[in-house]
2 protein chains.
Amino acid sequence: VVAGRGVAKRYGAGDSAVDALRGVDLEIARGQFLAVMGPSGSGKSTLMHILAGLDTPTAGSVQIDGREITTASDTELTLIRREKVGFIFQFFNLLPMLTAEENLELPLRLAGRPIDQAWKDELIAAIGLGNRLHHRPAELSGGQQQRVAVGRALLTRPAIIFGDEPTGNLDSKTSAEVMELLRHAVDTFGQTVAVVTHDPRAASYADRIIFLQDGDIARDEGRMTS
Amino acid sequence: VVAGRGVAKRYGAGDSAVDALRGVDLEIARGQFLAVMGPSGSGKSTLMHILAGLDTPTAGSVQIDGREITTASDTELTLIRREKVGFIFQFFNLLPMLTAEENLELPLRLAGRPIDQAWKDELIAAIGLGNRLHHRPAELSGGQQQRVAVGRALLTRPAIIFGDEPTGNLDSKTSAEVMELLRHAVDTFGQTVAVVTHDPRAASYADRIIFLQDGDIARDEGRMTS
Ligand SMILES: Nc1ncnc2c1ncn2[C@@H]1O[C@H](COP(=O)(O)OP(=O)(O)OP(=O)(O)O)[C@@H](O)[C@H]1O
Ligand SMILES: Nc1ncnc2c1ncn2[C@@H]1O[C@H](COP(=O)(O)OP(=O)(O)OP(=O)(O)O)[C@@H](O)[C@H]1O
Ligand SMILES: [Mg+2]
Ligand SMILES: [Mg+2]
């Protein structure tokens with residue numbers, strides 16, 4: 001459902017240039033649960049943003065559901081992202097002036113699509129935010145904000161969900177609940193999920209694990225066995 | 001060096017009031033390395049902010065180095081914080097217009113204090129940011145920004161360092177380096193450190209672990225044995 005070929009990202013030029021990604025090839029099949037691991041600064045967030053159409057590569061191509069996004073116009077790209085991509089940001093990107101519930105529903109409302117109330121109720125119960133729906137992000141703990149971001153991505157059921165450290169601020173019990181929720185979406189309705197994580201326990205929920213190092217894929221393996 | 005008595009924090013009023021902290025008593029002795037754990041939303045960040053003088057409790061008292069901060073004027077409080085407290089925020093709070101190096105040095109420059117160049121060099125090497133000093137936060141990965149925040153708190157050698165999830169965005173190798181750095185500061189020059197963490201491996205560096213639950217201390221134990 002997502003295919004990146006020769007994806008490269010360079011910042012700056014000359015001696016001080018930083019090659020955040022050095023020509024990465026990656027195909028994510030429909031219904032796959034992928035984990036991306038690697039040292040701090042190895043290019044994980046950069047890769048996720050480029051595959052999700054949130055950033056442009058310096059070289060290479062990226063296709064989402066068959067559509068080449070590196071040559072898409074701004075309008076086309078916005079539409080593809082809105083229809084096909086859910087993103088759980090490393091630092092949440094919630095809108096501070098909206099409540100948790102409004103943040104949850106925002107992508108669907110922007111896309112003019114109806115809200116599946118049963119799925120929404122199931123999500124709210126699973127992420128444990130029932131009594132926080134009317135609070136704004138500033139009134140929520142770090143982990144609560146992260147859970148709103150997770151719910152927001154899952155509610156739209158996009159072609160692919162990218163998560164950048166979706167459990168980085170969560171205790172082990174809540175981390176497990178979030179990963180089970182993502183696993184449940186993959187198993188019950190074929191959601192495709194790709195998460196960056198530093199947590200081996202979170203990675204153990206995935207079907208496939210990729211290890212980045214210095215902007216390149218160092219290893220590509222099936223399920224981690226504990 | 002820090003003593004909180006009956007520390008309570010209530011948001012809102014009436015039926016919808018949230019008791020983030022319910023009368024917490026906590027003394028942190030000089031040279032102690034304390035870890036604070038507990039479920040998402042249990043009050044950890046709230047407790048840290050109040051003990052550090054960054055937030056006011058609804059009830060109770062807090063003393064830093066013998067100074068009662070709940071009754072201090074704004075000016076006095078700013079001075080106490082600047083002289084005595086270092087804080088590693090859950091979401092870093094770096095200044096976007098300053099480079100990594102400028103962010104590192106900012107608290108010392110604001111306090112008009114000289115920079116210990118040897119300690120600064122040692123820190124930069126330990127947190128692995130040597131080739132990123134002239135980048136601004138937006139040009140740094142999540143983990144790199146977190147390491148700048150860690151370095152900034154350690155550079156000032158304050159009476160106490162509070163860390164809110166200081167390794168939440170770091171891979172295991174870098175997490176270990178950060179915790180070793182904090183441990184090194186405690187062991188070699190008696191730095192007092194209190195960190196909130198969800199990571200049992202990070203907590204294993206501490207001398208004492210406190211578990212919060214629903215705004216109260218549920219357990220208070222010596223070093224975690226693995
Ligand atoms: N301004 C506010 N209004 C209402 N409730 C608030 C406000 N700020 C914080 N809270 C609530 O206080 C509780 C404690 O929050 P706190 O940020 O201290 O939790 P935490 O233990 O740090 O959680 P996490 O592990 O998720 O970071 C949470 O339930 C949160 O929703
Ligand atoms: N605008 C920029 N200018 C220069 N270098 C940049 C810029 N943005 C990112 N980088 C560099 O690109 C590299 C990859 O960054 P990225 O955020 O993808 O890492 P990451 O694997 O997500 O790290 P972490 O685990 O710390 O979140 C880092 O070394 C970072 O310093
Ligand atoms: Mg990152
Ligand atoms: Mg917190």
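Throughout, protein chains are lettered first and strands after them, A, B, ... in sequence-line order, and every chain is numbered starting at 1. Quick note: numbers below take in every heavy atom, side chains included, and nothing from hydrogens, waters or symmetry partners.
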Based on non-hydrogen pairs under 4.5 Å, which of Asn131(B), Asp171(B), Asp199(B), Thr197(B) is most in contact with chain A? Asp171(B)
His135(A) versus chain B, heavy atoms under 4.5 Å apart: side chain, backbone, both or neither? side chain
If one checks every heavy atom of Phe91(A) against chain B at 4.5 Å, the contacting part turns out to be side chain
Strictly by salt bridge (Lys or Arg N to Asp or Glu O under 4.0 Å), give each pair with a member in residues 123-150 of chain A just once, sequence neighbours left out. none
Where is the tightest heavy-atom contact between Pro39(A) and Leu212(A), given as atom of each residue plus distance? CD-O, 3.3 Å
Structural part of Thr174(A) lying under 4.5 Å from a heavy atom of chain B: side chain
Asn169(A) side chain to Glu165(B) side chain, donor-acceptor N/O pair below 3.5 angstrom: no
Going by an N to O cut-off under 4.0 Å, is there a salt bridge joining Asp164(B) and Lys44(B)? no
Please find the pair of heavy atoms, one from Ile28(A) and one from Ala194(A), that lie closest to each other, and give the distance. CD1-CB, 4.1 Å
Tell me, for Phe92(A) versus chain B, whether the close heavy atoms (under 4.5 Å) come from the side chain, the backbone, both or neither. side chain
Using non-hydrogen atoms and a limit below 4.5 Å, what part of residues 175-187 of chain A faces chain B? none
Where does Ser141(A) contact chain B at under 4.5 Å (heavy atoms): side chain, backbone, both or neither? side chain
What distance do Glu105(B) atom CD and Ile115(B) atom CD1 have between them, rounded to the nearest 0.5 Å? 3.5 Å
I'd like to know if the side chain of Gln146(B) pairs up with that of Thr167(B) as donor and acceptor (distance under 3.5 Å, no hydrogens or angles considered). no
Trace of the ring pair (Phe, Tyr, Trp, His ring centres under 6.0 Å) decision for His49(A) with Phe162(A): CA-CA 9 Å; His49(A) 279 72; Phe162(A) 290 100; 9.2 Å; no
Identify which of Ser172(A), Ser40(A), Gly143(A) forms the greatest number of heavy-atom pairs closer than 4.5 Å to chain B. Ser40(A)
Given 3.5 Å as the limit, does a donor-acceptor pair link the side chain of Arg208(B) with the main chain of Gln32(B), or not? no
